[in-house]
S.K.: 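The structure that follows is given in the form of structure tokens.
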Amino acid sequence: MTERYNIKDCEAKWRAKWTETDCFKATETSDREKYYVLEMFPYPSGRIHVGHVRNYTLGDVVARYRRASGYNVLRPMGWDAFGLPAENAAIERGVHPAKWTISNTTEMREQLKSMGLAIDWDREITTCTPEYYRHEQKMFLDFLKRGIAYRKESVVNWDPVDNTVLANEQVVDGKGWRTGAPVERKSLNQWFLKITDYADDLLEGLETLDRWPEKVRTMQSNWIGKSEGLHLTLDIAGSDETLKIYTTRPDTIFGASFAAIAADHPLAKKLAGDKDGFGEFIKQCQATGTSEAAIEQAEKLGFDTGYTVQHPFLSDVQLPLYIANFILMDYGTGAIYGVPAHDQRDFDFAKKYDLPIKQVISPPAYANSDIPEHPVEEQHAMQEAYSGTGTLINSDFLNGLEIDAAKAEIIKRCEAMNIGEGTTQYRLRDWGISRQRYWGCPIPIIYCDDCGAVPVPEDQLPVTLPEDISFDKPGNPLEHHPRWKHTTCPTCSNPARRETDTFDTFFESSWYQFRYCDPHNETLPVGKDKADYWMPNGGGVDQYIGGVEHAVLHLLYARFFTRAMKTCGYVNCEEPFKGLFTQGMVTHETYQDANGKWLFPSEYEQLSDQSSAKVGPSIKMSKSKKNVIDPEDILGTYGADAARLFILSDSPPERDLEWTESGIEGAWKFVNKLHRMITQHIESLPPINAPEPSDLSAGAKDIRSAAHKAIIGVAKSIDDFAMNKAVAQIRELSNTISSFSPQTESDHWALRQSFEILIKIFNPVMPHLAEELWSQLGHETLLTNEPWPVADESLLTTDTITIGVQVNGKMRAKIDIAPDANEDTARAAALEQENVVRAIDGKAIRKFIYVPGKIVNVVAG
RNA sequence: GCGGGUGUGGCGGAAUGGUAGACGCUGCAGACUUAAAAUCUGUUGUCCGUAUGGGCGUGGGGGUUCAAGUCCCCCCACCCGCACCA
């Protein structure tokens, strides 16, 4: 009689053993190849959630598998510890942000540890400590020297609820990403990082990231939004003003029939401010601004200023100048010329205001036809703009050129005439890093009335946050602090003020990947030798894992920051994350009672009458809908291995995972089944390293063969990040082994071999159980330090396989045949099948297809 | 609107152009048990048939092929991102 598996004690025992032997400690002195596994570090909110469990389980499988496969693995963990929730807690509960944050990390560290993660905890970092943030202050000063950081007055997005500045990326549909409050515009002096200087490099770098999801690369590429075009200055008839427009289609200039400026363009009011209906029109434009545009599909509207601009190449053509609602002030110059024939928006606009539509690009279809030129009458019959390739027509000196050649030619002419220049435009803007918050890294700058903004001298770093602060008043406590901001100017020693803004918290997460390489370095963010070992030039984090919600912001900032660090000589690496995997969300059904009140899953389970409640679709877990599962409950009830197993089963990691009670129970049952299956045989197994018997039975050969195939299969699945398939193969092997009933001593020998392989290949998924069974099988070593098993090639092939026999493409029978049997053998075997004979029905065999190991197809008729 | 993705049993999902539905969940039947739980065995796409067997079946419609979930063309639905970017 075998004892029941005591999950709780057993798992704790092995975790203690790993800690004791320090087996996950990473060092730079290894002759093994390095492998750096990193998961996005958590914000210490207080408790881990199921998304963390998924994230860190995925990383753990990779880390443990790579370790076993012979790599020197670095797998660290830390805390993204600055941020607003700490201040909110301070305001709501009067607890100091530092205290709140640190106690949260204490709790969450225990929770993470209870998952049994293969982490080198000696490298733990906490970004809110001066030991961490002093280095980013230093780097900021270096950026300043190099012109990567600068200060400018700018209109910012102001969140009136959080009382803070938001980055453009943090504004969603005109509302703050966290609060949902409508964003206000406010002018402040802000610090910026010149990410735009790296725009091209960041764009080109994407092409080297072949182990990133295509989707993320596309998103970043769109975000950078590079376009090449022409800045062109046009004269406004009857005015001293000139109009600077931007176009990406300078080749179509001879097709221009109007010009248009944005409603908030400085010239709009100047030229048309006194006209009837102007104010009303502007108001209308602002109303259709942000999100409603989506709903109404915004009709193109214009307001005629009454002015015209002179066409630069056609002296008899004056283009009417409109104010138009579809022109954006913050892109390009906020002014365009409209070419209705070749831009759909311009086309819609021209139709509405009855402006000429003049075609200047002839599609390739016409080039090969007898019609030398696109007939004029068809131009008016156009139903939509043509934006495809073609040849220039109706365009004077551009006629006959292809689009690209025409672009180059017109830019050359404009530059020669001194009326324009070719330019590259980006959607990407510089990264505003100032935040009016307490709980962030202080910006090491002192303002002096005489000397201006003076960097804090390096020997005075770090500038630390004052601890005695109060959140009684709204706004930034650093502003209100009685002493902190008052200091003296490092240059002239007169009284001066400290910068009270702190860094955007994306600052900390932009370089933490380096800090893990050398977390205790007091003088540098990272020692160059350590950085070069783990993140060399051309290399980086080998596998980064996290949520797709960081596809643009965090990942773009970190790529930029890494380049900036390289520019300043800190590191040699350019791309911080060579491999990226973005996991899906964890979802759960939602429950509402008869009154529409949301219920926790546990509340629903306990309802006396479940039919009175409404069960909703499985959606992303959120506190507001109460469809959340507390990992601590799961870990406490089912153990870490079962939780890890379930979260890897079924759903491919990149897709959403539906959390179900039956699923976690199924996983738990399998953990117990494995334990039972192996322990019940332990007494009868031969000793470790017993010699291979010569008389293996067919059944014994089968399980060995299955085990060795699984070695290859599971490894490949983990390599491919198909953890669900790895789990399926583990279960398959376990099914095969458990249906084998050993009779002889040699059967038991095969059983031991298969057990050991099974344990080793499920170790990355269920490491506690694996250690336990490994030890029960009599091993003194830690399984964690054992290598991945090597598959014996000779055991991967089988004597016979089953293949299908089709008649005219329809499956009619199956035959057992040697994988390399010749065609005659296959033909004989196939035509012997009763079903095949019946299906052929006496017809002539016109063709016999035999793909060895795959299929037979008899074509009859 | 543009870009990307997904679509396979009751459900999650497998399937280098070659036995569609691996593996699991659920359900059903049975064994064990005084009983329940746990465990074990069988079964579980659908329709016709007592059955050997056969028809249908991977969002829809065409095509290529001896053979298509997979490749090509057209269409539909849903999800994600960007959203008037000149």
Side-chain angles (χ1 to χ4, degrees), chain A residues 4 173 213-223 225-227 229-230 245-250 252 260 262 288-291 293-294 297-300 324-328 330-339 342-346 348-349 425-427 548-549 551-552 584 618 645-646 649-652 654-658 660-667 669-670 672-673 676 722 724-735 738-739 801-815 834-835 838-839 846-851 853-860:
Chain A
R4 203 182 158 78
D173 282 344
E214 187 65 41
K215 177 181 166 170
V216 176
R217 289 194 286 169
T218 306
M219 282 166 74
Q220 292 215 349
S221 169
N222 290 342
W223 194 264
K226 181 178 182 172
S227 70
L230 171 71
I245 64 100
Y246 175 69
T247 180
T248 55
R249 293 297 303 273
T252 62
T288 48
T290 50
S291 61
Q297 271 305 348
E299 189 191 1
K300 309 275 174 286
N325 68 343
F326 64 98
I327 309 300
L328 305 175
D330 53 8
Y331 186 80
T333 59
I336 60 144
Y337 65 62
V339 184
H342 303 292
D343 182 288
Q344 191 58 41
R345 291 157 307 175
D346 298 347
D348 296 342
F349 192 79
Q425 188 81 36
Y426 297 92
R427 184 183 175 279
V548 74
E549 65 272 19
V552 177
S618 196
L645 174 66
F646 169 59
S649 304
D650 298 349
S651 292
E654 68 277 13
R655 281 201 224 168
D656 287 354
L657 167 77
E658 187 179 352
T660 60
E661 194 64 19
S662 55
I664 180 70
E665 268 175 19
K669 283 180 192 171
F670 185 58
N672 285 292
K673 182 182 163 177
R676 200 182 320 115
N724 57 323
K725 285 197 266 172
V727 169
Q729 288 164 102
I730 288 163
R731 296 188 94 122
E732 210 169 354
L733 176 59
S734 138
N735 289 346
S738 77
S739 58
I801 53 163
T802 307
I803 66 170
V805 180
Q806 299 179 334
V807 177
N808 291 334
K810 280 195 181 267
M811 199 58 60
R812 294 300 175 186
K814 290 168 189 177
I815 53 173
E834 225 177 281
N835 240 16
R838 189 177 331 142
R846 293 193 318 193
K847 206 167 176 184
F848 184 86
I849 290 149
Y850 168 56
V851 183
K854 301 280 188 191
I855 200 88
V856 166
N857 192 2
V858 183
V859 185

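Residue numbers start from 1 in every chain, and the chains themselves are labelled A, B, ... in the order their sequence lines are given, proteins ahead of strands. Nothing here was measured: the structure is a model prediction, and the numbers come from that model.
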S.K.: Have a look at A/N835 and say if it touches a base, only the backbone sugar-phosphate, or nothing, with a 4.0 Å heavy-atom cut-off.
M.R.: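 A/N835: backbone/sugar contact only, no base atoms under 4.0 Å.
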
S.K.: If you look at every strand shown and take non-hydrogen atoms under 4.0 Å, does A/S649 touch a base, only sugar-phosphate, or nothing?
M.R.: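 Touches nothing.
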
S.K.: Any N or O donor-acceptor pair linking the side chain of A/K810 to the base of B/U19 at under 3.5 Å?
M.R.: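 Donor-acceptor pair under 3.5 Å: no.
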
S.K.: Looking only at side-chain atoms of A/L328, point me to the closest of B/C80, B/U19, B/C85.
M.R.: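 The closest nucleotide is B/C85.
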
S.K.: State the pairing partner of B/G3; accept Watson-Crick or G-U wobble contacts with both distances under 3.5 Å, and report none otherwise.
M.R.: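 By the stated definition (distances under 3.5 Å), B/C80 pairs with B/G3.
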
S.K.: Is the backbone N or O of A/R812 less than 3.5 Å from a side-chain atom of A/N835, with the two atoms forming a donor-acceptor pair by type?
M.R.: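 Checked: pair present.
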
S.K.: By the 4.0 Å heavy-atom rule, please label A/R846 as base, sugar-phosphate, or nothing.
M.R.: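 Contact class for A/R846: none.
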
S.K.: In the structure I gave you, are the side-chain heavy atoms of A/T248 and A/Q425 within less than 4.5 Å of one another anywhere?
M.R.: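 They are not in side-chain contact.
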
S.K.: Scan A/V859 against the nucleic acid and name what it touches under 4.0 Å (heavy atoms): base, sugar-phosphate only, or nothing.
M.R.: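 If one applies the 4.0 Å heavy-atom cut-off, A/V859 turns out to touch the sugar-phosphate alone, with no base involved.
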
S.K.: Return the 5'-most residue of the pair A/V805, A/K725 with respect to RNA chain B, ranking by each residue's nearest nucleotide.
M.R.: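 Nearest-nucleotide comparison on RNA chain B picks A/K725.
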
S.K.: If B/G21 has a Watson-Crick or G-U wobble mate with both distances under 3.5 Å, name it; if not, just say none.
M.R.: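 Its partner: none found.
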
S.K.: Any base atoms under 4.0 Å from A/R345, or only sugar-phosphate, or nothing? Heavy atoms, all strands.
M.R.: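 Base contact.
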
S.K.: Side chain of A/K300, base of B/C84: donor and acceptor closer than 3.5 Å?
M.R.: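 Flag set: donor-acceptor pair detected.
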
S.K.: Counting Watson-Crick and G-U wobble pairs only, both distances under 3.5 Å, name the nucleotide matched with B/G53, or none.
M.R.: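 Partner of B/G53: B/C48.
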
S.K.: Under 3.5 Å, is there a donor-acceptor pair between the side chain of A/Q220 and the main chain of A/A551?
M.R.: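 Yes, A/Q220 side chain to A/A551 backbone: donor-acceptor pair under 3.5 Å.
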
S.K.: Please answer whether the main-chain N or O of A/G809 pairs with a side-chain N or O of A/N857 as donor and acceptor at a distance below 3.5 Å.
M.R.: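 Yes.
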
S.K.: Does B/G59 adopt a syn or an anti glycosidic conformation, taking syn as a chi angle within 90° of 0?
M.R.: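 The base of B/G59 is oriented anti (glycosidic angle more than 90° from 0).
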
S.K.: Checking all strands, does A/R812 fall into the base, sugar-phosphate, or nothing category for heavy-atom contacts under 4.0 angstrom?
M.R.: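 If one applies the 4.0 Å heavy-atom cut-off, A/R812 turns out to touch the sugar-phosphate alone, with no base involved.
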
S.K.: Please name the nucleotide paired to B/A35 by Watson-Crick or G-U wobble geometry with both distances under 3.5 Å, or report none.
M.R.: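 None - no nucleotide pairs with B/A35, as no candidate has both distances under 3.5 Å.
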
S.K.: Do any side-chain nitrogens or oxygens of A/N808 fall under 4.0 Å of OP1 or OP2 in B/C66?
M.R.: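 For A/N808, the contact criterion (side-chain N or O under 4.0 Å from OP1 or OP2 of B/C66) is not met.
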
S.K.: Quick check with a 6.0 Å cut-off and a 45 degree axis cone: is A/R427 positioned over the face of A/Y331's six-membered ring?
M.R.: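 Here A/R427 fails the 6.0 Å and 45° test against A/Y331.
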
S.K.: Tell me whether the side-chain N/O atoms of A/N857 come closer than 4.0 Å to OP1 or OP2 in B/U65.
M.R.: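 Checking B/U65 against A/N857, no side-chain N or O comes under 4.0 Å of OP1 or OP2.
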
S.K.: Categorize A/Q806 for me: base, sugar-phosphate, or nothing, with a 4.0 angstrom heavy-atom threshold over every strand shown.
M.R.: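 If one applies the 4.0 Å heavy-atom cut-off, A/Q806 turns out to touch a base.
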
S.K.: Please classify the nucleic acid contact of A/I327 as base, sugar-phosphate, or nothing, using heavy-atom distances under 4.0 Å.
M.R.: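 Base: the residue A/I327, judged by heavy atoms under 4.0 Å, touches a nucleobase.
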
S.K.: If each of A/S738 and A/A667 is mapped to the nucleotide of RNA chain B with the nearest heavy atom, which maps nearer the 5' terminus, i.e. the 5' end?
M.R.: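 Going by which nucleotide is closer to the 5' end, it is A/A667.
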
S.K.: Roughly how many Å is it from CE in A/M811 to P in B/G54, rounded to a whole number?
M.R.: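 Distance check: A/M811 CE to B/G54 P gives 12 Å.
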
S.K.: NA contact type, A/K814, heavy-atom cut-off 4.0 Å: base, sugar-phosphate, or nothing?
M.R.: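 The residue A/K814 makes base contact.
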
